[in-house]
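When reading the values below, keep in mind they use all heavy atoms of this one structure, side chains included, and skip hydrogens, waters and symmetry mates. Heads up: numbering here begins at 1 and tracks the sequence. Remember, it's 1-based here, ligands and their atoms both numbered in the order they're listed.
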Amino acid sequence: DMLKVGVNGYGTIGKRVADAVVAQPDMELVGVAKTRPNFEAERAVAKGYSLYAAIEERADQFVKADIELAGLVDELVEESDVVVDATPSGIGAENKSLYEAHDTPALYQGGEDAEMVDTSFNARANFADASGAEHVRVVSCNTTGLSRLVAPLEAEYGIEKVRATLVRRAGDPAQSGRGPVNDILPNPISLPSHHGPDVQTIFPDLAIDTLGLKVPATLMHMHSVNVSLEAEPDAEEVRELLEGESRLFVVPERFGIDGAGKLKEFALDAGRPRGDLWENCLWGESVSMEGNDLYLFQAIHQESDVVPENVDAVRAVAGTADAAESVETTNDALGIGF
Ligand code: NAD
């Protein structure tokens, strides 16, 4: 039986999740819900996706724009086995009662509060926690990136403490109103940043401090990471451990990739849809050990790293696969790994 998935909120994350669902052998996209007719609505219909109006009072806008509607969001939720809510931060919480009214389990995104869900989710770290849950939060792009890195290190060596500085992109490429345009902002200025506690929603016992900055860039986030391990492996061993993780792309030195710009160019050259990089992109040369201190740089494609995690969370909630099966299916269907 195919899992029926609906996507409510068709923006940066929602449209990518919809495409990823369509690519899965065991899933069917019921449709997507949008608030207004724009280019993304046009493309959704052009791809053959059923489009539902997210706000009843605005449904006539689609009719006026000559965009065919399949119905209202209530119908989408009713027909879905699982709904992926990819609406802007805070709207997911407002939609919770809609999903409850139809008894449809829902996935929310990292912009929502951890308190509103049964569990936060990362496929590598806590897949099984979402089994049978009604409300699951797929953690943010940065938290996903840190969790994928922490999981194997914790399992293999044990972790004393993580310290990470997150150099964050100002906005996504289409977010033309975001900034700074010409500045470097400690953000937030008061320490630590909220990212550490967010990682603790996945690893409750992890010692982690994070600092954030915001810079005039749109391509990716960059993490400067220090992990004090409970062991003293050499750098080569750690690099090999990380290379064995399917959602960590350890960028080889021979590629000559010196930053986010070339990473994105590489993704486009490789034919990735929208130039997406679903994996953490971690520089192999940067993996260094000083005593028990591991240092490295990783870049995180904010628009796409949570996409395979949403796909896995659908199976986790529905109980149709275990973590290893789901991750393998998702990776194969999307073409994850270089
Ligand atoms: P977005 O603004 O690109 O897309 C959100 C979409 O939802 C828009 O199309 C908007 O019109 C629509 N929408 C607004 N109100 C709605 C409603 N009531 N019902 C249905 N649709 C509605 O936002 P995004 O970047 O895709 O972010 C969505 C969520 O994903 C947020 O929680 C965000 O924090 C999280 N997230 C974003 C990123 C990122 O970098 N863009 C990364 C990871 C997680």
### Message
Quick check on K4: does its NZ atom have over 12 non-hydrogen neighbours (other residues, nucleotides or ligands) under 6.0 Å away?
### Response
no
### Task
Decide if atom CD1 of I55 counts as having more than 12 heavy atoms of other residues, nucleotides or ligands within a radius under 6.0 Å.
yes
### Query
Above 12 or not: heavy atoms from other molecules or residues under 6.0 Å from CD of E328?
no
#### Entry: Nearest neighbour in protein (non-hydrogen) for atom 7 (O) of ligand 1
P88 CD, 3.4 Å
### Query
Going by heavy atoms, is E94 under 4.0 Å from ligand 1?
no
### For Q109, the ligand 1 atoms whose distance to one of its heavy atoms is below 4.0 Å
29 (C), 30 (O), 32 (O), 35 (C)
### atom 39 (C) of ligand 1 [closest protein heavy-atom partner, distance rounded to 0.1 Å]
D172 OD2, 3.5 Å
### Ligand-residue contact atoms, ligand 1 with K34, heavy atoms, under 4.0 Å
9 (O)
### Query
Hey, are K15 and E40 close enough for a salt bridge, meaning a charged N less than 4.0 Å from a carboxylate O?
yes
### Query
Where is the nearest protein heavy atom to atom 20 (C) of ligand 1: which residue, which atom, and how far?
N8 OD1, 3.2 Å
### Query
Applying a strict 4.0 Å limit to heavy atoms, is R169 in contact with ligand 1?
yes
### Message
Could you identify the single nearest non-hydrogen protein atom to atom 22 (C) of ligand 1 and state the distance to 0.1 Å?
### Response
T35 CG2, 3.3 Å
### Message
Using a 4.0 Å cut-off to any heavy atom of G111, which atoms of ligand 1 qualify?
### Response
32 (O), 34 (O)
### Query
Does any N/O atom on I13 come nearer than 3.5 Å to any N/O atom on ligand 1?
yes
### Query
Going by the order shown, which atoms of ligand 1 are within less than 4.0 Å of some heavy atom of I91?
17 (C), 18 (N)
### Heavy atom of protein inside 4.0 Å of atom 25 (O) of ligand 1, strictly below
yes
#### Entry: Protein heavy-atom partner closest to atom 42 (C) of ligand 1 - residue, atom, separation in Å
Q302 O, 3.1 Å
### Query
For ligand 1, is any non-hydrogen atom under 4.0 Å from C141's backbone (N, CA, C, O), its side chain (CB onward), both, or neither?
both
### Query
Counting N and O atoms only, with roles assigned by atom type, does the side chain of E75 sit under 3.5 Å from a partner on the main chain of L72, one being a donor and the other an acceptor?
yes
### Task
Answer yes or no: is there an ion pair linking D258 with K262, defined by an N-O contact shorter than 4.0 Å?
yes
### Message
One thing to verify: whether R247 and D312 come together as a salt bridge, which I'm taking to mean a side-chain N less than 4.0 angstrom from a carboxylate O.
### Response
yes
### Message
Below a 4.0 angstrom heavy-atom separation, can you tell me which part of Y10, side chain or backbone, both or neither, approaches ligand 1?
### Response
backbone
### Task
Tell me whether the centres of the aromatic rings in F249 and F266 are closer together than 6.0 Å.
yes
### Query
Charged N to carboxylate O under 4.0 angstrom, D19 versus R16?
no
#### Entry: Protein contact to atom 19 (N) of ligand 1 [nearest heavy atom, distance to 0.1 Å]
A54 CB, 3.4 Å
#### Entry: Which of the ligand 1 atoms, numbered from 1, are nearer than 4.0 Å to a heavy atom of T87
7 (O), 16 (C), 17 (C), 19 (N), 20 (C), 21 (N), 22 (C), 28 (C), 29 (C), 31 (C), 32 (O)
### Message
Is it the case that the side chain of N310 and the backbone of V306 share a donor-acceptor pair, with hydrogens and angles ignored and the cut-off at 3.5 Å?
### Response
yes
### Message
Return the closest protein heavy atom for atom 23 (O) of ligand 1 as residue, atom name and distance.
### Response
T12 N, 4.6 Å
### Query
Taking atom CZ of F297 as the centre, does the number of heavy atoms from other residues, nucleotides or ligands within less than 6.0 Å exceed 12?
no
#### Entry: Selection from S140, A86, G9 by shortest heavy-atom distance to atom 5 (C) of ligand 1
A86
### Message
I'd like to know whether CG of D66 has more than 12 heavy-atom contacts from other residues, nucleotides or ligands below 6.0 angstrom.
### Response
no
### Query
Can you tell me the protein heavy atom closest to atom 6 (C) of ligand 1 and the distance?
G11 N, 3.7 Å
